[in-house]
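The structure appears right after this line, and notes come after that.
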Number of protein chains: 2
Amino acid sequence: MQYDFVNELGYLGLAVRLKRLSDAMVHSGRQMYKELGLDIEPNWFLIFRLLKKYNQLSVTEMASKLHFSHPSVITMVGKMEKAGYLNSTLDKSDSRKKHFFLSAKAEENLPRFEEIWQAGTEGVKKLFSEDSNFLNLLEALEVQYSQKDFKERTLNELGNE
Amino acid sequence: MQYDFVNELGYLGLAVRLKRLSDAMVHSGRQMYKELGLDIEPNWFLIFRLLKKYNQLSVTEMASKLHFSHPSVITMVGKMEKAGYLNSTLDKSDSRKKHFFLSAKAEENLPRFEEIWQAGTEGVKKLFSEDSNFLNLLEALEVQYSQKDFKERTLNELGNE
DNA sequence: TATATTTACGTAGTTAACTACATTATTATG
DNA sequence: CATAATAATGTAGTTAACTACGTAAATATA
């Protein structure tokens, strides 16, 4: 790989590297769907998988399970509904709530999508050496980070705060 | 940490998790600068450090060293110039090129900024256990990814290509 | 029971990365 | 030497996350 100044920056460059890598993967995923002629977007698998497991969920419930903001979920499900993959009903006892569930089109197409996501999973898996347990390290990192964020950690080190 | 559906998705959720974590760190960094009353933004340290090392660089040179697109660099240096941290001169022999370098204001403020970035580095370091060598694993991951991207890997697994 | 608080959803605006295209300058080539 | 190719910068538009604010409904409280 060619020279990369960010990698010289050590721990300080971590956020930049994580974002760069993530962006590259998402972009590549978008290209893939386009080439395969599928009208779905990279992060929709989150909602498909979620509704496959839980049958029907409201915006807030999805946001909470994904650790996303609710406007992000609204954007995703809005597009998916428009594309015909989701349907929704209003809650009978609470008129604020809207429940989303997979449409017939979604159920029809899911077997093909699942094939692709399974292949994607295998493909990503092969990015790592057998014994790297990267995902466990990432989980540990997420747990640590959730306990104290960048700002707090830095101010602590500065002796301020 | 509370329930997180993305973590159930294994390798397929990798890109989402990397982005979520990176976004959270950048957001926290922005808050930190605000609280400290500093008029700089999270990723400007990339340009400060780059110009500290190389003295002066053009947009394209910076983009190449950072593995960023040139429009991203233009946006960053544009803001930094406006904030008074950078100056620029046109190349004498090639009038397309513009060289950027740190201003007097930048040199004045850098010692304080470096204190903060050093503290940030220490703070991030403590996210990891002593023996995790996460950065090396990340580097290995980046190298692997640069050789074959998500789309190619997935299509290979699918047997298409 | 009236009012205050919380919850659910929606909209608007911000951010930082990207690609695609446009323009101009330099360099290479027939 | 004219023209084609390449390179540097800039602009416009896309993407997916976010926060902040608004509105309406449900729930809790005085």
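In the text below, chain A, chain B and the rest are named by the order of the sequence lines, each starting its count at 1. Computed from a predicted model, the values in this text were never measured in an experiment.
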Using the ring pair (Phe, Tyr, Trp, His ring centres under 6.0 Å) criterion, which residues pair with B:Tyr11? Sequence neighbours excluded.
A:Phe128
Contacts of type salt bridge (Lys or Arg N to Asp or Glu O under 4.0 Å), residue A:Lys98, not counting sequence neighbours:
none
Once salt bridge (Lys or Arg N to Asp or Glu O under 4.0 Å) is applied, do any residues pair with B:Glu61, and if so which ones, sequence neighbours excluded?
none
Please name all residues satisfying side chain to side chain donor-acceptor pair (under 3.5 Å) with A:Thr60, sequence neighbours left out, ordered by chain then number.
none
Nearest whole angstrom, please: distance from the P of C:dT26 to the NZ of B:Lys97.
11 Å
Mapping A:Phe100 and B:Ser93 onto DNA chain C by nearest heavy atom, which one lands closer to the 5' end?
A:Phe100
Counting only heavy atoms and a strict 4.0 angstrom limit, can you tell me which residues of residues 37-45 of chain A come near DNA chain C?
none
Nearest heavy atom decides the nucleotide; on that basis, is A:Arg96 or A:Arg30 closer to the 5' end of DNA chain D?
A:Arg30
Applying side chain to side chain donor-acceptor pair (under 3.5 Å), can you list everything that pairs with A:Glu114, at least two apart in sequence or on another chain?
A:Arg49
Side chain to side chain donor-acceptor pair (under 3.5 Å) filter on B:Glu107, not counting sequence neighbours, yields B:Lys52
Do B:Tyr145 and B:Phe150 have ring centres separated by under 6.0 Å?
no
Determine the contact category for A:Ser58: base if any of its heavy atoms lies under 4.0 Å from a base atom, sugar-phosphate if only primed atoms, P, OP1 or OP2 are that close, otherwise nothing.
sugar-phosphate
Going by salt bridge (charged side-chain N to carboxylate O under 4.0 Å, His left out), name the pairs with one or both residues in residues 72-87 of chain A, residues two or more places apart or in two chains.
A:Glu41-A:Lys79
Does some side-chain heavy atom of A:Val124 sit less than 4.5 Å from a side-chain heavy atom of B:Arg153?
no
When you list every nucleotide of DNA chain D with an atom under 4.0 Å from a heavy atom of chain A, which one comes first 5' to 3', and which comes last?
D:dT15 to D:dA26
Let me know, please, whether B:Lys79 or B:Pro71 comes out on the 5' side of the other along DNA chain C by nearest nucleotide.
B:Lys79
Name every residue in residues 82-89 of chain B that has at least one heavy atom under 4.0 Å from any atom of DNA chain C, in order of residue number, or write none if there are no such residues.
none
Output the single nucleotide from C:dG10, C:dT26, C:dA8 whose closest atom is nearest the side chain of A:Lys98.
C:dG10
Test of understanding: with side chain to side chain donor-acceptor pair (under 3.5 Å), list the residues that count as partners of A:Ser28, not counting sequence neighbours.
B:Asp149
Can you list, pair by pair, the side-chain donor-acceptor contacts under 3.5 Å of residues 14-22 of chain A, counting residues two or more places apart and other chains?
unit_1  : atom_1 : unit_2   : atom_2 : d
A:Arg17 : NE     : B:Glu142 : OE2    : 2.9
A:Arg17 : NH2    : A:Asn7   : OD1    : 3.3
A:Arg17 : NH2    : B:Glu142 : OE1    : 3.0
A:Lys19 : NZ     : A:Asp23  : OD2    : 3.1
A:Arg20 : NH1    : A:Asp4   : OD1    : 3.3
A:Arg20 : NH1    : A:Asp4   : OD2    : 3.2
A:Arg20 : NH1    : B:Leu66  : O      : 2.8
A:Arg20 : NH2    : A:Asp4   : OD2    : 2.8
A:Ser22 : OG     : B:Ala15  : O      : 2.7

